[in-house]
Amino acid sequence: MNATASHNAAPPPAGPTYWLEQALAAESPGGCPPVTGTVRADVCIVGGGYTGLWTALELKRASPDLEIVVTEAQSCGLGASGRNGGWMTSWYDELDRLVERFGLEQGLWLADESSAAIDRIETFVGEHEIDCQLRRRGSLWISTTPGQDEVIEGPLNACRELDRGAFVERLGSSEVERRTGSRISRGGVLIRDSAAVQPALLARGLRRVALRQGIRIFEGSPMLQLVRSAPAAVLTPAGRIEADQVVLATNAWAARIRELRNAIFVVGTQIVLTEPIPERLAHLDWREGLLLGDARLFVHYAQVTPDGRIAFGRGGGAIGPFGRVVPKHFIDPRTAATVAADFREWFPELRDVRLTHAWGGPVDRAPGHLPFVGSLGEHGNVHYGIGYSGNGVGPSALVGRILASRTLGLDDAYGRCALVSGPPGHLPPEPLCSAGAAIVRSVVQRTEEREQHGIAPGPVGRLSKRLVGFSIPPLRRRRLP
Ligand SMILES: Cc1cc2nc3c(=O)[nH]c(=O)nc-3n(C[C@H](O)[C@H](O)[C@H](O)COP(=O)(O)OP(=O)(O)OC[C@H]3O[C@@H](n4cnc5c(N)ncnc54)[C@H](O)[C@@H]3O)c2cc1C
């Protein structure tokens, strides 16, 4: 066996997250202290990822005198925000479904606002000198099977019909190959407003700006208990935060909150990273920050880093039973090995390239695959924004704005938008949910692999794919007179 072949056989080393290693190495050491004693604030935000930090920054912008604290279990950005694939995308790739679900006006508003959120992030990181390697070259959303052709066709047509055609461009398979070097596609759509980003540098940059603006951040301070009183109280191991309003921005971890237990499903996603190969990618557009992904249910997503590494991920990883985030969400060598195999299939000519990192994280999958915002507690002073379903890098800036409007009680387009009605559906109770999901996941995985090799899905495969989005509609609220 030659050296090249042994690289192939070796599974990627599971463990450290490249993005976080890079971001933390660029900082001077020292975290924010934990909460001790009793802390008083106007607003307490639980969770220091993008959602929590954008909400804090939006609140500060709207109301500079507010006393805002963020309490984070570990350190800001160590959750999904510092580990993701760095795909910053809008919802133009969902436009048909948005219009179907929310009507023309709201559907278009949400899609346009998700795109405007990327504009805002780009401006914000420029103004605040957050060097997060943001490159706005668009995303290439490709089809690799006949079934995926239909998936990309709907939003493409909706964009054209609804005067959003400037955001999308159809590309043939040879054009995709010219830009990315991959021969796997049947063609695809270039979505122009997307940006690639180094996610952990963005999260840590937001933390830095928040601190500079006087937002108090406590780290190593998990919320152990939420007292749903007015004011509300957040209890941590060594202290207590009392606040008029609380915002829960805990992503997949929110599945452990009593009222949100059946609102989201926790599932892992894994990424593998190559060694730097800039010279082998030099002739491809992809090298400049174009994103690449497919239209599978268990989606593949990839980007090239500025130093010429390929980060290649896939959804549909380990299930979090009973709404738990488990160690396997972060380190899952078995799933990572299958993601590595997919990478070799997409780029056979890079089979000699070494994989240096593999990591993952938890995703808060929601019925309808869009985030939702709501309030809980009899005083309505505890708000939450969750359910990104693996697409939160750009949308979290929009959700942060919605949460800020809601927290401030503003009657504006954000506070009134279609995402503020809480969970759009509920999952079946446990243990049915986890057991059913495990079966559905393995059938869908097999079905999508077979489709990749030209085998059309049978009835069980087709049914399982539909079941991925299964939820129980919320009970109709009694109409108030
Ligand atoms: C591997 C991976 C790849 C992804 N790829 C993409 C992508 O390419 N594009 C995209 O758009 N989206 C992607 N996503 C999804 C995206 O990362 C998330 O939607 C987004 O980061 C959500 O931000 P957040 O702040 O809500 O969550 P998080 O960043 O997870 O923040 C939640 C925070 O809450 C903290 N917390 C939890 N419990 C408590 C508690 N009790 N008390 C205090 N703090 C608590 C956690 O420590 C964490 O820091 C990916 C996700 C993963 C895991």
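Atoms within each ligand, like the ligands themselves, are counted from 1 in listed order.
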Legend entry - For Arg416, all residues meeting side chain to side chain contact (heavy atoms under 4.5 Å, CB included), sequence neighbours excluded: Asp411

Legend entry - Any Arg324 side-chain heavy atom under 4.5 Å of Arg256 side chain: yes

Inset, instruction - Show which atoms of ligand 1 fall inside a sub-4.0 Å distance from at least one heavy-atom site of Gln74. - result: 47 (O)

Legend entry - Under 3.5 Å: N/O of Gly361 near N/O of ligand 1: no

Inset, instruction - Check if Leu78 has a non-hydrogen atom at a distance under 4.0 Å from any atom of ligand 1. - result: no

Legend entry - Close approach, Ser396 and ligand 1, non-hydrogen under 4.0 angstrom: no

Inset, instruction - Ignoring angles and geometry beyond distance, decide whether Pro222 reaches within less than 3.5 Å of ligand 1 through its nitrogen or oxygen atoms. - result: no

Inset, instruction - Identify whether NZ of Lys or CZ of Arg in Arg365 sits under 6.0 Å from the centre of the six-membered ring of Phe265 and within 45° of that ring's axis. - result: no

Inset, instruction - Say whether Val46, considering both its backbone and side-chain N or O atoms, lies within less than 3.5 Å of an N or O atom on ligand 1. - result: no

Inset, instruction - Compute the shortest N/O to N/O distance between Asn391 and ligand 1 and return yes if it is under 3.5 Å, no if not. - result: yes

Legend entry - Protein contact of atom 16 (C) of ligand 1 - nearest heavy atom, named by residue and atom, plus distance: Gly392 N, 4.1 Å

Inset, instruction - Just jot down the side chain to side chain contact (heavy atoms under 4.5 Å, CB included) partners of Arg441, sequence neighbours excluded, or say none. - result: Phe298, Ile319, Gln445

Legend entry - Any N/O pair Thr250/ligand 1 closer than 3.5 Å: no

Inset, instruction - Indicate yes or no: does an N/O atom of Trp87 lie under 3.5 Å from an N/O atom of ligand 1? - result: yes

Legend entry - Nearest-neighbour protein heavy atom for atom 47 (O) of ligand 1, which is reported as residue plus atom name and distance: Glu72 OE2, 2.6 Å

Legend entry - contact_flag Gly313 ligand 1 heavy-atom lt 4.0 Å: no

Inset, instruction - Return a yes/no value for Thr51: is any of its N or O atoms, backbone included, closer than 3.5 angstrom to an N or O of ligand 1? - result: yes

Inset, instruction - Look at the rings of His300 and Phe312 and say which category their plane angle falls in: under 30° parallel, 30 to 60° tilted, over 60° perpendicular. - result: tilted

Inset, instruction - Could you tell me how the ring of His357 sits relative to the ring of Trp359: parallel (under 30°), tilted (30 to 60°) or perpendicular (over 60°)? - result: perpendicular

Legend entry - Min N/O separation Asn84 to ligand 1 under 3.5 Å: yes

Legend entry - Within-cut-off N or O pair, Met223 and ligand 1, under 3.5 Å: yes

Inset, instruction - Check whether any N or O atom of Asp364, backbone or side chain, sits under 3.5 Å from an N or O atom of ligand 1, and answer yes or no. - result: no

